[in-house]
Amino acid sequence: QVQLVESGGGLVQGGGSLRLSCAASGGTFGRYAMGWFRQFPGKEREFVAAISWTGSRIDYADSVKGRFTISRDITKNTVYLQMNSLKPEDTAVYYCAADARGVGDREQSKYEYWGQGTQVTVSS
């Protein structure tokens with residue numbers, strides 16, 4: 001059973017940066033693809049970014065491309081989401097997720113394990 005714990009959320013002014021971390025335990029982290037998703041109040045959770053287990057395939061939602069960067073550190077069993085040039089519309093709860101197939105996908109249903117989420121609030 002894989003356990004994921006997100007951290008790094010908080011309040012930041014528009015134009016600022018945050019780095020989210022997702023620490024994994026209880027599984028073979030190196031074989032999992034990892035994804036970040038976010039959920040706005042009253043809305044469905046949506047895809048943000050994903051990285052394959054090899055790191056060779058990276059995908060971003062159009063809304064964050066050029067501003068957010070996903071990366072992983074196998075030695076620390078951790079995946080990161082560096083968020084720059086933040087906008088108030090990025091305000092959401094951010095979740096990391098693990099895909100045992102190792103592919104990384106935009107579909108939430110492909111991910112078996114989820115963290116508890118971390119709140120990101122961007123003020124205008």
Side-chain angles (χ1 to χ4, degrees):
Q1 183 79 7
V2 175
Q3 295 175 333
L4 304 173
V5 179
E6 301 99 334
S7 60
L11 174 64
V12 64
Q13 277 195 322
S17 299
L18 281 175
R19 188 176 79 156
L20 304 183
S21 300
C22 173
S25 61
T28 309
F29 176 74
R31 293 299 184 98
Y32 289 90
M34 300 298 294
W36 284 98
F37 294 78
R38 63 187 180 184
Q39 188 166 23
F40 304 111
K43 298 290 182 65
E44 293 288 318
R45 199 156 46 187
E46 67 174 33
F47 169 78
V48 175
I51 184 168
S52 64
W53 76 276
T54 62
S56 61
R57 179 179 178 273
I58 292 176
D59 188 21
Y60 296 101
D62 288 345
S63 58
V64 306
K65 200 172 292 183
R67 300 188 299 124
F68 291 11
T69 302
I70 188 171
S71 62
R72 65 192 299 164
D73 186 336
I74 300 296
T75 64
K76 296 181 179 179
N77 284 359
T78 301
V79 63
Y80 303 98
L81 186 68
Q82 177 66 44
M83 306 186 294
N84 299 328
S85 302
L86 282 162
K87 306 174 183 179
E89 50 264 44
D90 293 316
T91 295
V93 178
Y94 285 72
Y95 298 88
C96 70
D99 168 12
R101 301 170 307 144
V103 174
D105 202 289
R106 294 188 172 208
E107 289 292 326
Q108 298 180 51
S109 62
K110 305 297 185 183
Y111 293 82
E112 292 87 353
Y113 305 103
W114 292 82
Q116 81 289 349
T118 185
Q119 176 70 46
V120 171
T121 302
V122 185
S123 62
S124 56

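Since this is a predicted model, take the numbers as computed values, not measurements.
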### Task
Check for a donor-acceptor pair, side chain of Glu6 on one end and backbone N or O of Gln116 on the other, with a separation under 3.5 Å.
yes
### Task
Indicate yes or no for a side-chain donor-acceptor contact from Ser52 to the backbone of Arg57 under 3.5 Å, with no hydrogens or angles considered.
yes
### Task
Please report the C-alpha distance between Lys65 and Asp62 in whole Å, then the side-chain angles of each, then the deciding distance to 0.1 Å, and finally whether the salt bridge (Lys or Arg N to Asp or Glu O under 4.0 Å) criterion is met.
CA-CA 5 Å; Lys65 200 172 292 183; Asp62 288 345; 3.3 Å; yes
### Check: Arg106 side chain, Tyr60 main-chain N or O, donor-acceptor pair, under 3.5 Å
yes
### Query
Rounded to the nearest 0.5 Å, how far apart are OH of Tyr111 and CG of Leu4?
11.5 Å
### Query
Under a 4.5 Å side-chain heavy-atom rule over Ile, Leu, Val, Met, Phe, Trp and Tyr, are Leu86 and Val48 clustered together?
yes
#### Entry: Distance-minimising heavy-atom pair for Ala98 and Tyr32
CB-CD2, 4.0 Å
### Query
Roughly how far, to the nearest 0.5 Å, is OG of Ser63 from CD of Glu46?
5.5 Å
### Hphob cluster co-occupancy, Phe68 + Val79, side-chain heavy atoms under 4.5 angstrom
yes
### Query
Going only through I, L, V, M, F, W and Y residues with side-chain contacts under 4.5 Å, is there a path from Met34 to Trp36?
yes
### Message
Set out, in order, the CA-CA distance, both residues' side-chain angles and the distance that settles side-chain contact (heavy atoms from CB on, under 4.5 Å) for Val12 and Thr121, then state yes or no.
### Response
CA-CA 6 Å; Val12 64; Thr121 302; over 6 Å; no
### Query
Distance-only, no hydrogens or angles: does the Asp99 side chain make a donor-acceptor pair with backbone N or O of Gly104 under 3.5 Å?
yes
### Query
Within 45° of the ring axis of Tyr94 and under 6.0 Å from its six-membered ring centre, is that where the NZ or CZ of Arg38 lies?
no
### Message
Less than 4.5 Å apart, side chain to side chain, heavy atoms only: is that true for Thr118 and Val93?
### Response
no
### Query
Under 6.0 Å from the CZ atom of Arg101, do we count more than 12 heavy atoms belonging to anything else shown?
yes
### Message
I'd like to know if the side chain of Gln108 and the backbone of Arg45 have a donor-acceptor N/O pair within less than 3.5 Å.
### Response
yes
### Message
Please give me the minimum heavy-atom distance between Arg72 and Ala33, naming the atom from each residue.
### Response
NH1-CA, 4.1 Å
### Query
Are Val64 and Phe40 joined in one hydrophobic group, where the rule is that I, L, V, M, F, W and Y side chains link up if heavy atoms are under 4.5 Å apart?
no
### Message
I'd like to know whether Met83 forms a side-chain contact (heavy atoms from CB on, under 4.5 Å) with Leu81, so could you lay out the CA-CA distance, the side-chain angles of the two residues, the decisive distance to 0.1 Å, and finally the verdict.
### Response
CA-CA 6 Å; Met83 306 186 294; Leu81 186 68; 3.9 Å; yes
### Query
Are side-chain heavy atoms of Asp59 and Phe47 found at a separation under 4.5 Å?
yes
### Query
Between the side chain of Arg67 and the main-chain N/O of Ser85, is any donor-acceptor distance below 3.5 Å?
yes
### Message
Closer than 3.5 angstrom, by distance alone: can the side chain of Gln82 be matched with the main-chain N or O of Ile70 as a donor-acceptor pair?
### Response
no
### Query
Among the clusters formed by ILVMFWY side chains lying less than 4.5 Å apart, do Ile51 and Ile74 turn up in the same one?
yes
### Task
For Asp73 and Thr78, test the side chains for any donor-to-acceptor distance below 3.5 angstrom and give the result as yes or no.
no
### Message
Main chain of Val122, side chain of Thr91: is a donor-acceptor contact present, judged purely on distance under 3.5 Å?
### Response
yes
### Task
Please tell me if the side chains of Gln1 and Tyr113 come closer than 4.5 Å, counting only heavy atoms from C-beta onward.
yes
### Pair Trp114 and Phe37, ring centroids less than 6.0 Å apart
yes
